Every structure is written in C-alpha cells, then in structure tokens.
Amino acid sequence: MNAKTTTRYDQTMLRLMNGEEVRHWHASRGQRRAWTAGHVVLTAATPLAFPLAGANAGLLLALVIPLLLLWCVCTGVLNSATRGLLELRARALDERQLAERGEAFTFAHRVQLALTVAALGGLGLAAILGDGGVGAGTLAAALLGLGLTHWLLPLWTAVLRTQDEPADD
C-alpha cells in the first residue's frame with residue numbers, strides 16, 4: 001500500500017476490514033463455509049419473499065426487512081473474512097492481494113459463464129418442449145438469479161478460497 005496515494009477513506013476502510021472484532025466469527029474454514037452458505041440462502045430467500053407475500057405489503061415488509069438485515073450482517077462478515085479483498089480500492093491492496101482478487105474474479109466468472117450457459121440451455125429446452133414458450137415470470141427469475149450470482153459469486157469465491165490465519169505462538 002502506497003501511503004502517498006491512499007486517502008483517509010482508504011485508510012478507514014482498511015482499518016475496518018482488518019478489525020479484530022469479528023475475526024473469531026470466521027477464523028476457521030468451516031465457519032467461512034457456514035457464513036457463505038447462509039449468505040447464499042439469504043440471497044435466494046429475499047427475492048422469494050415477494051411472490052410469497054403477494055399483495056400483502058405488511059407481510060412483505062415483515063419478511064424482507066429481517067432478511068435484508070441478516071444479509072447485511074452476513075455480507076460484513078464475509079468482507080471481513082477476506083480482509084476487504086473485494087471492497088477495498090486497488091491502491092489500498094498489495095501485490096499478493098491484487099493477485100488473489102484477480103484469481104477470485106477469474107474463477108467466479110468462469111463459473112458464471114457455466115451457469116449462464118446452463119440457464120440459457122434450460123430456458124431453450126423449456127421453450128422447445130413447452131407449449132408456447134417460457135413465461136415472463138420464469139424469464140425474470142432466471143435473469144434475477146443470474147444477476148445476483150454475477151454480483152456475489154466473486155465474494156463467495158474469495159471467502160471460500162481464504163486460508164486460515166496462522167496460529168499465534
């Protein structure tokens with residue numbers, strides 16, 4: 001990290017992402033896997049609350065607000081687990097971290113390509129075998145799912161690839 005090019009914001013975010021307060025929440029590989037699985041479930045559950053609630057706005061708020069709050073906490077833990085690898089600006093990272101970030105993005109985008117091809121193949125097969133094409137709801141759900149995975153897969157990949165901290169002597 002070059003002290004001359006980092007801003008006060010960069011330094012604050014670096015301190016926040018490397019804080020010790022929640023380190024015990026994600027210290028082991030198993031804990032990081034559990035947080036990642038929880039984040040995936042919360043990410044999937046939040047959009048599912050909309051059709052579940054239907055036209056009942058009160059039920060929608062009762063479902064979505066707790067899900068989003070839990071999702072935000074979970075996202076913070078995942079960002080802390082990677083020490084801000086995907087949240088910090090490039091100028092605040094060293095060469096090793098930049099390489100790790102690049103590897104996480106590369107792997108995530110390869111997986112995303114496979115998911116996109118599978119989704120397009122499934123939608124195409126459904127259109128061919130179906131009785132009139134794919135419905136707008138199915139297409140919207142597929143696009144939302146692909147958009148969310150495109151956005152979050154690099155984070156999930158980085159967390160799952162993070163090594164355990166060395167034990168203190």
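Everything numeric here is computed off the predicted structure, so don't read it as measured data.
Atoms CG and CG, from Leu88 and Leu16 in turn, are 9.0 Å apart once rounded to the nearest 0.5 Å. Note that the OG1 atom of Thr82 and the CZ atom of Arg161 stand 13.0 Å from one another [nearest 0.5 Å]. In this structure, the separation between CZ on Arg96 and CZ on Arg101 is 12.5 Å, given to the nearest 0.5 Å. Separating the CD1 atom in Ile65 from the CG atom in Leu69 is a distance of 7.5 Å, to the nearest 0.5 Å. Atom CG of Leu144 sits about 9.5 Å away from atom CZ of Phe50, to the nearest 0.5 Å. To the nearest 0.5 Å, atom CG of residue Leu153 and atom CZ of residue Phe107 are 8.0 Å apart.
Taking 4.5 Å as the limit, every side-chain heavy atom of Val77 sits out of range of all side-chain heavy atoms of His39. Looking at heavy atoms from C-beta onward, Gln97 lies in side-chain contact with Asp94 at the 4.5 angstrom threshold. Leu78 places a side-chain heavy atom less than 4.5 Å from the side chain of Trp156. Under the 4.5 Å side-chain criterion, counting only non-hydrogen atoms from C-beta, Leu146 is in contact with Gln112.
The two atoms that bring Ala92 and Asp10 nearest to each other are CB-CB, 4.4 Å, heavy atoms only. What you find for Asn18 and Arg23 is that their closest heavy atoms are O-NH2, 3.2 Å. Across all their heavy atoms, Ala49 and Leu60 have their closest contact at O-CD1, 3.9 Å. The minimum heavy-atom distance between Leu67 and Leu42, with the atom names listed, is CD2-CD2, 3.7 Å. Across all non-hydrogen atoms, the minimal contact from Leu86 to Ala158 is CD1-CB, 4.2 Å. When all heavy atoms of Leu48 and Pro51 are compared, the pair lying nearest together is O-CD, 3.3 Å.
Transitive grouping of hydrophobic side chains (ILVMFWY, heavy atoms separated by less than 4.5 Å) keeps Leu160 and Leu148 in distinct clusters. Linking ILVMFWY residues whenever their side-chain heavy atoms come closer than 4.5 Å, directly or via other members, leaves Val40 and Val64 in distinct clusters. Under the 4.5 Å side-chain contact rule for hydrophobic residues, Leu155 and Val22 share a cluster. Leu98 and Leu14 fall within the same hydrophobic cluster, defined by Ile, Leu, Val, Met, Phe, Trp and Tyr side-chain heavy atoms under 4.5 Å apart, directly or through other members. Follow the hydrophobic side-chain contacts under 4.5 Å out from Met17 and you never reach Val73; the two are in separate clusters.
Heavy atoms from other residues, nucleotides or ligands lying under 6.0 Å from NE2 of His150 number 12 at most.
Sorted by first and then second residue, the salt bridge (Lys or Arg N to Asp or Glu O under 4.0 Å) pairs involving residues 56-81 (not counting sequence neighbours) form an empty list.
Under 3.5 Å, the side chains of Trp71 and Thr43 contain a donor-acceptor pair of N or O atoms.
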Would you please test Thr157 and Glu103 for side chain to side chain contact (heavy atoms under 4.5 Å, CB included) and show each step? CA-CA 9 Å; Thr157 301; Glu103 290 172 8; over 6 Å; no
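Aromatic pair His26/Trp35: ring centres not closer than 6.0 Å.
Considering Arg29, Gln31, Arg32 in turn, Arg32 is the only one that fulfils the side-chain hydrogen bond (donor to acceptor under 3.5 Å, both in side chains) rule with Asp164.
Not a single donor-acceptor pair under 3.5 Å links the side chain of Asn79 to the backbone N or O of Gly76. With Arg91 contributing its side chain and Thr6 its backbone, the two residues share no donor-acceptor pair below 3.5 Å.
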